[in-house]
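Down below is the structure, laid out as structure tokens.
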Amino acid sequence: MNTTTLIFAVLTAALAAVAIQAFRIGNEKRDVALLGAFSGLCGLATAVSAAL
């Protein structure tokens, strides 16, 4: 696993954890959706990086 894939994977996990925590404490839905969207984009970047 190269460095780029590792960095994207860690960032994806961190953003997903933050989105879950924000949902649990009752933040506004648009904020949670934005965190989830960025987490999904980082997850997509991880998949692309791993495939290359």
Qualifying salt bridge (charged side-chain N to carboxylate O under 4.0 Å, His left out) pairs with a residue from residues 20-29, counting only residues at least two apart or across chains: Glu28-Arg30
Shared hydrophobic cluster for Leu41 and Val18 (ILVMFWY, side-chain gaps under 4.5 Å): yes
Residues forming a side-chain contact (heavy atoms from CB on, under 4.5 Å) with Leu52, sequence neighbours excluded: Val48
Smallest separation among heavy atoms of Gly36 and Ala19, with atom names: N-CB, 4.2 Å
Gap between atom OG of Ser39 and atom CG of Leu34 - 0.5 Å precision: 11.0 Å
Partners passing side-chain contact (heavy atoms from CB on, under 4.5 Å) against Thr5 (at least two apart in sequence or in another chain): Met1, Asn2, Thr46, Ser49, Ala50
Set of residues satisfying side-chain contact (heavy atoms from CB on, under 4.5 Å) with respect to Leu11, sequence neighbours excluded: Leu15, Cys42
Salt bridge (charged side-chain N to carboxylate O under 4.0 Å, His left out): pairs with one or both residues in residues 35-50, sequence neighbours excluded: none
Residues clustered with Phe23, ILVMFWY side-chain links under 4.5 angstrom: Val32
Residue pairs fulfilling salt bridge (charged side-chain N to carboxylate O under 4.0 Å, His left out) with at least one residue in residues 38-52, sequence neighbours excluded: none
Closest approach of Gly43 to Thr12 (non-hydrogen atoms, all atoms of both residues): N-OG1, 3.2 Å
Residue among Thr4, Leu6, Val10 satisfying side chain to side chain contact (heavy atoms under 4.5 Å, CB included) with Phe8: Thr4
